[in-house]
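Only one structure is covered here, and it is reproduced in the block below.
Sequential numbering from 1 along the given sequence is applied to the chain's residues.
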Amino acid sequence: MSALEFWFDFSSGYAFFAAQEVEGLAARLGRPLLWRPFLLGAAYKVTGARGLSATPLKRDYARRDWARIARQKGRRFILPAGHPLITLPATRAFYWIEAQAPDQAPAFARRVFAAYYGEGLDTASPAAVAALAPEFGLKAEALLAGIADPALKDRVRRIGEEAVARGVFGSPFFILDGEPFWGWDRMAMLEEWGRSGGW
């Protein structure tokens with residue numbers, strides 16, 4: 001069975017909520033789950049779109065909606081100062097960890113989400129991101145060196161380009177058997193599609 005692909009930017013509020021549910025969804029469908037962080041900016045360059053937090057009216061609505069979802073789900077959700085923050089160091093760190101300790105990468109992604117939306121993690125700071133490394137049995141210094149490696153930087157860039165080439169333009173974004181689903185609010189439809197074989 002092909003994997004359920006979960007594409008996201010760590011600074012996406014809706015991706016935060018999707019990350020709380022996507023493992024259960026993949027398990028119910030009997031599919032492996034592929035976590036794929038990327039930078040939404042790569043998609044915005046192609047689409048000409050702007051992020052919710054950079055768009056008047058949509059910004060205020062999104063913040064209200066995130067707070068409403070958090071209350072409904074019983075989730076801790078506090079936007080960090082300066083949201084949305086650049087997430088390139090956190091994204092590179094994910095792929096470095098995936099290469100070093102693949103089983104730890106999803107847990108690292110979940111930890112980044114929790115720290116960003118609960119502890120004010122500065123995902124733009126390599127040092128702040130690297131400080132999480134010991135929680136996963138890794139050395140902060142090794143992670144810092146890893147995310148500075150030109151080969152890793154190139155890989156992360158190519159992954160973002162691949163996402164856009166495959167039609168990924170938002171976060172969260174899911175692909176199941178080639179079928180795209182955009183948004184946290186499409187997860188129920190995605191599950192039904194996966195169970196039924198599509199329509």
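Remark: side-chain polar atoms of Ser12 are paired, donor with acceptor, to backbone N or O of Ser171 under 3.5 angstrom. Proximity of a side-chain donor or acceptor of Tyr117 to a complementary backbone N or O of Arg76 within less than 3.5 Å is not detected.
For the residue pair Arg166 and Ile175, the shortest heavy atom distance occurs at NH2-CD1, 3.6 Å. Contact between Val129 and Ala93 at its shortest, heavy atoms only, is CG1-CB, 3.7 Å. Of all the heavy atoms in Gly178 and Pro180, the pair that sits closest is O-CD, 3.6 Å. Looking at every heavy atom in both residues, Pro106 comes nearest to Phe94 through N-CE1, 4.2 Å. Taking each heavy atom of Ala90 and Val112 in turn, the nearest pair found is CB-CG1, 4.2 Å. Here the closest non-hydrogen pair linking Ala130 and Ala140 is O-CB, 3.3 Å.
Applying the side-chain hydrogen bond (donor to acceptor under 3.5 Å, both in side chains) test to residues at least two apart or on different chains, the pairs with a partner in residues 78-93 are Asp9-Thr87, Ser53-His83, His83-Tyr116. Applying the side-chain hydrogen bond (donor to acceptor under 3.5 Å, both in side chains) test to every pair with at least one member in residues 103-113, sequence neighbours left out, gives these pairs: Glu23-Arg110, Arg111-Glu119, Arg111-Glu135.
In the hydrophobic clustering (ILVMFWY side chains linked at under 4.5 Å, chained through shared members), Val164 is joined by Val46.
Taken to the nearest 0.5 Å, the CD1 atom of Ile69 stands 5.0 Å off from the OH atom of Tyr14. Put simply, CG on Leu33 and CG on Leu25 are 9.0 Å apart, with the number rounded to the nearest 0.5 Å. Rounded to the nearest 0.5 Å, atoms CH2 (Trp35) and OH (Tyr95) are 11.5 Å apart. A distance of 10.0 Å separates CZ of Phe16 from CG of Leu79, quoted to the nearest 0.5 Å. Atom-to-atom distance recorded for Leu29:CG and Leu190:CG is 6.5 Å, nearest 0.5 angstrom. Rounding to the nearest 0.5 Å gives a distance of 10.0 Å between CG of Leu52 and OG of Ser11.
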TODO: In sequence, state the C-alpha distance, the side-chain angles, and the governing distance for Leu143 and Trp96, and then conclude on side-chain contact (heavy atoms from CB on, under 4.5 Å).
DONE: CA-CA 7 Å; Leu143 191 151; Trp96 182 81; 3.9 Å; yes

TODO: Please test Leu132 against Leu121 for side-chain contact (heavy atoms from CB on, under 4.5 Å), starting from the C-alpha separation and ending with a verdict.
DONE: CA-CA 10 Å; Leu132 300 175; Leu121 174 66; 4.0 Å; yes

TODO: Check the pair Leu34 / Phe6 against side-chain contact (heavy atoms from CB on, under 4.5 Å), numbers first and verdict last.
DONE: CA-CA 6 Å; Leu34 184 62; Phe6 173 37; over 6 Å; no

Task: Stepwise side-chain contact (heavy atoms from CB on, under 4.5 Å) test for Leu85 and Asp122 - done: CA-CA 7 Å; Leu85 303 177; Asp122 182 1; 4.0 Å; yes

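Two residues are said to be in side-chain contact when any heavy atoms from C-beta on lie closer than 4.5 Å; Ile86 and Thr123 fail this criterion.
The pair Arg155-Glu98 meets the salt-bridge criterion, with a side-chain N (NZ, NE, NH1 or NH2) lying under 4.0 Å from an Asp/Glu carboxylate O. Using a 4.0 Å cut-off between charged nitrogen and carboxylate oxygen, Arg158 and Asp154 count as a salt-bridge pair.
Residue Phe17 forms a ring-ring contact (aromatic ring centres under 6.0 Å, His included) with just one option from Trp66, Phe113, Phe77, and that option is Phe77. When the options Arg186, Arg75, Lys73 are evaluated for a salt bridge (charged side-chain N to carboxylate O under 4.0 Å, His left out) with Glu21, the one that passes is Lys73.
Aromatic ring centroids of Phe173 and Phe181 lie 6.0 Å or more apart. Between Phe108 and Phe136, the ring center distance clears the sub-6.0 Å criterion. Between Phe10 and Phe8, a ring centre-to-centre spacing shorter than 6.0 Å is recorded. Annotation: Phe174 is not in aromatic contact with Trp7 [ring centroid separation under 6.0 Å not met].
With sequence neighbours left out, the salt bridge (charged side-chain N to carboxylate O under 4.0 Å, His left out) criterion links Asp177 to Arg31. Looking at residues two or more places apart in sequence or on another chain, you find a salt bridge (charged side-chain N to carboxylate O under 4.0 Å, His left out) between Glu191 and Arg28, Arg195. Partners of Asp65 according to the salt bridge (charged side-chain N to carboxylate O under 4.0 Å, His left out) rule, which considers only residues two or more places apart in sequence or in another chain, are Arg68.
Sparse packing is recorded around CH2 of Trp182, with 12 or fewer heavy atoms of other residues, nucleotides or ligands lying under 6.0 Å away. In Lys153, the NZ atom is crowded: over 12 heavy atoms of neighbouring residues, nucleotides or ligands sit closer than 6.0 Å.
Both Met189 and Leu176 belong to a single network of hydrophobic side chains, linked directly or stepwise wherever heavy atoms of I, L, V, M, F, W or Y lie under 4.5 Å apart.
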